[in-house]
**Q** 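Quick one: the structure is below, and I'll ask about it shortly.
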Amino acid sequence: MVLKIHNTLSGTKEIFKPVDEKHVRVYACGPTVYNFAHIGNARMAVANDLLINVLRTQYKKVTYVSNITDIDDKIIDAAHELNEPIKNLTTKYTKIYNEDMGYLNVRLPDVQPRATDHINEMIDLTKKLIESGNAYEKEGHVLFHVPSFSKYGVLSKRNRDEQIAGSRVDVAPFKKDPADFILWKPSPSPLPGWDSPWGFGRPGWHLECSAMSEKTLGLPFDIHSGGMDLVFPHHENEIAQTCSLNKNHDPKSFAHFWFHNGFVNVEGEKMSKSIGNIRLVHDLKNQFSGEVLRLTLLSAHYRQPLNWTKEIIDQNSKMLDRFYRTLKELKDIEITSQYLSDEIMQSLLDDINTPKVLAQLNTLSNKLSSANKEEKINIKNNLIAAGKILGIMVEDPEVWLGYNQSENPEKEEIEGLINQRNEARRDKDFKLADKIRDELKIKGIEIEDTKNGTIWRKDS
RNA sequence: GGCUCGGUGGCAGAGUGGUGAUGUAGGGGCCUGCAAAGCCUUGCACAGCGGUUCGAUUCCGCUCCGAGCCUCCA
């Protein structure tokens, strides 16, 4: 079976062939840590986590690097506003980011480099770019000279001449070309900075990823990923820097594949501070389980826009409950090995087609009622194996659905009421029986009369 | 103005040159004292207009509409 991935560089789905079959290497541009992560950050983390899981089904060794941007003007502003040292702020939000992503069953990357640990590397790259004639110093700034890179625009498919009309870029006076971007800029006191050949200053944003990806993975590596908005200018600039240093203007001398996830909208609108509709994972944690949030993020294909609404969360919550119910029904079925059917694997390998996988899991789950023993084993195997890759269905079904309430402090009271109701039912006093059921319902207790007696569950 | 990507049933969302995914909501039914859960069943969707084709939702062209990017942004 072959893995196909959409490559932003070509604009098409391509067959994935690793640079080195023995070691697949992926770099994802991570968060700038000055605030809580929002659901859009989470989508990037989940999409990449899944990509890595899928790669690991095909290749023995996969290294996943995702950085933390811990020096940036937004961080400086936030620290200033809160009157808090930058280091405290970035440490705090890095921790929170990892916790929040952990809640969504996102595993930590193998390497999580920080920009501030790579200042020397960045200074070094800047020196080399000046030496090679791709960058110049002006008024304490070092800028990358865009016309020096012949392939500028390959990734975002922009023609520079066509972009200039209608451009809203404010051109700094020290730029030789309006598109030139900052590699290093001065940090007048009290701004944070580091000593450099160009005075006390700090790096521009794009440089860190060029420095850290090369250092942690080597060049060229397989997949470079991030949110759709990073295509331009961030990734375009990274390509310009790294490829200029390589003396090879082919963007594949940097990374072979460029993997970008789509945006999350909220109730049909773009998430933005001014609208005030930013959905923080930190807040969503209070309302929804991690698996529901994760499944909702996977309910649309990763490259499509995802409209975040209460309705789709509910819809996916129901879907997840159904899967868990199927697993509960199959709890006595012994499985010896976990395997994924070729059809489902194929969907994952076809550019990570999660909606199709979910449809296939539903179809499988629907076969339960008419399944024989062998088919039941097949259903359970596939649900568990798919869940493992997707990062869902990792809980115990009884616990998930709320049946297992041995710890519930109200257990005795609830079961007392259920006994009363069953007595009433025996006496054909259905009015009383229904009244008791309503009482339980108010407590969030759902009861089910089965052949083997009444069972109950806490409805979350 | 430029570039890119989209427009699929009430909603969400895959996919395909010919046998009409999947979920959710709705209708009907089974089961149940009634429920819950489950099961069965139902809905003839592919923006519009042309073209290619034996046949197009799927390919091509045009039109309309929407989104993203061109400035920091996942």
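Worth saying up front: this structure is predicted, and the values here are computed from it rather than measured. In what follows, chains are A, B, ... by sequence order, proteins preceding strands, each numbered from 1.
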**Q** When you measure only distances, ignoring hydrogens and angles, does the side chain of A:D72 come within 3.5 Å of the base of B:C73 through a donor and an acceptor?
**A** no
**Q** Want to settle it: does A:N265 or A:F430 sit nearer the 5' end of RNA chain B, counting the closest nucleotide to each?
**A** A:F430
**Q** Taking any strand in view, what nucleotide pairs with B:U53 in a Watson-Crick or G-U wobble way, both distances under 3.5 Å?
**A** none
**Q** Let me spell it out: for each of A:L358 and A:R325, pick the nucleotide of RNA chain B with the closest heavy atom. Which residue's pick is nearer the 5' end?
**A** A:L358
**Q** Do the ring centers of A:F149 and A:H249 come within less than 6.0 Å of each other?
**A** yes
**Q** Of the nucleotides B:A74, B:C72, B:C69, which has the atom closest to the A:F232 side chain?
**A** B:C69
**Q** With a 4.0 Å cut-off on heavy atoms, is A:N366 in touch with a base, just the backbone sugar-phosphate, or nothing at all?
**A** sugar-phosphate
**Q** Give one of base, sugar-phosphate or nothing for A:T309, where a contact means two heavy atoms less than 4.0 Å apart.
**A** nothing
**Q** Hunt down the Watson-Crick or G-U wobble partner of B:C5, both distances under 3.5 Å, from any strand shown, or write none.
**A** B:G66
**Q** How far does the C1' atom of B:A74 sit from the matching atom of B:U52, given to the nearest Å?
**A** 42 Å
**Q** Taking N and O atoms by type only, does the side chain of A:R437 place a donor or acceptor under 3.5 Å from a partner on the base of B:C34?
**A** yes
**Q** Check the pair A:R437 / A:D434 against salt bridge (Lys or Arg N to Asp or Glu O under 4.0 Å), numbers first and verdict last.
**A** CA-CA 5 Å; A:R437 185 173 58 206; A:D434 290 349; 3.5 Å; yes
**Q** Are A:H235 and A:F232 an aromatic pair, judged by ring center distance below 6.0 Å?
**A** no
**Q** Contact class for A:R426 vs. all strands (heavy atom < 4.0 Å): base, sugar-phosphate, or nothing?
**A** nothing
**Q** Classify A:G227 by what it touches in the nucleic acid, base, sugar-phosphate, or nothing, heavy-atom distance under 4.0 Å.
**A** sugar-phosphate
**Q** So what does A:K428 hit on the nucleic acid, given a heavy-atom distance under 4.0 Å: a base, only sugar-phosphate, or nothing?
**A** nothing
**Q** At 4.0 Å (heavy atoms only), tell me whether A:Q304 reaches a base, stays on the sugar-phosphate, or touches nothing.
**A** sugar-phosphate
**Q** If we call it a pair only when both distances are under 3.5 Å in a Watson-Crick or G-U wobble match, what pairs with B:U16?
**A** none
**Q** Heavy atoms only, 4.0 Å cut-off, all strands: where does A:H38 land among base, sugar-phosphate and nothing?
**A** base
**Q** Using a heavy-atom cut-off of under 4.0 Å over every strand shown, decide if A:L361 touches base, sugar-phosphate, or nothing.
**A** nothing
**Q** Below 30° counts as parallel, above 60° as perpendicular, anything between as tilted: where do the rings of A:F259 and A:Y302 land?
**A** parallel
**Q** Across the strands shown, which category fits A:V264 at heavy-atom distances under 4.0 angstrom: base, sugar-phosphate, nothing?
**A** base
**Q** In whole angstrom, give me the gap between the P atoms of B:C73 and B:C39.
**A** 48 Å
**Q** Would a distance-only check, ignoring hydrogens and angles, find a side-chain to backbone donor-acceptor pair under 3.5 Å from A:S66 to A:Q112?
**A** no
**Q** Applying the Watson-Crick and G-U wobble criteria at under 3.5 Å, what pairs with B:A37? Answer none if nothing qualifies.
**A** none
**Q** Name the nucleic acid region contacted by A:S156, choosing base, sugar-phosphate or nothing; use a 4.0 angstrom heavy-atom cut-off, strictly under.
**A** sugar-phosphate
**Q** If the plane angle is over 60° it's perpendicular, under 30° parallel, otherwise tilted; pick one for A:F221 and A:F254.
**A** perpendicular
**Q** Tell whether A:N353 reaches the base of B:G15 with its side chain through a donor-acceptor pair below 3.5 angstrom.
**A** no
**Q** If you measure from the P atom in B:U41 to the same atom in B:U22, how many Å do you get, rounded?
**A** 11 Å
**Q** Scan A:Q315 against the nucleic acid and name what it touches under 4.0 Å (heavy atoms): base, sugar-phosphate only, or nothing.
**A** base
**Q** Check every atom of B:A14, B:U22, B:G33 against the side chain of A:A359 and return the nucleotide holding the closest atom.
**A** B:U22
**Q** Can you check whether A:F263 stacks with the B:A74 base, using ring centres under 5.5 Å and planes within 30°?
**A** yes
**Q** With rounding to whole Å, what would you report as the distance between B:C11 and B:C3 at their P atoms?
**A** 32 Å
**Q** Mind checking if A:R322 touches a base, just sugar-phosphate, or nothing, with heavy atoms under 4.0 Å?
**A** sugar-phosphate
**Q** Say whether, by atom type as modelled, one donor and one acceptor occur between the side chain of A:E291 and the main chain of A:V394 under 3.5 angstrom.
**A** yes
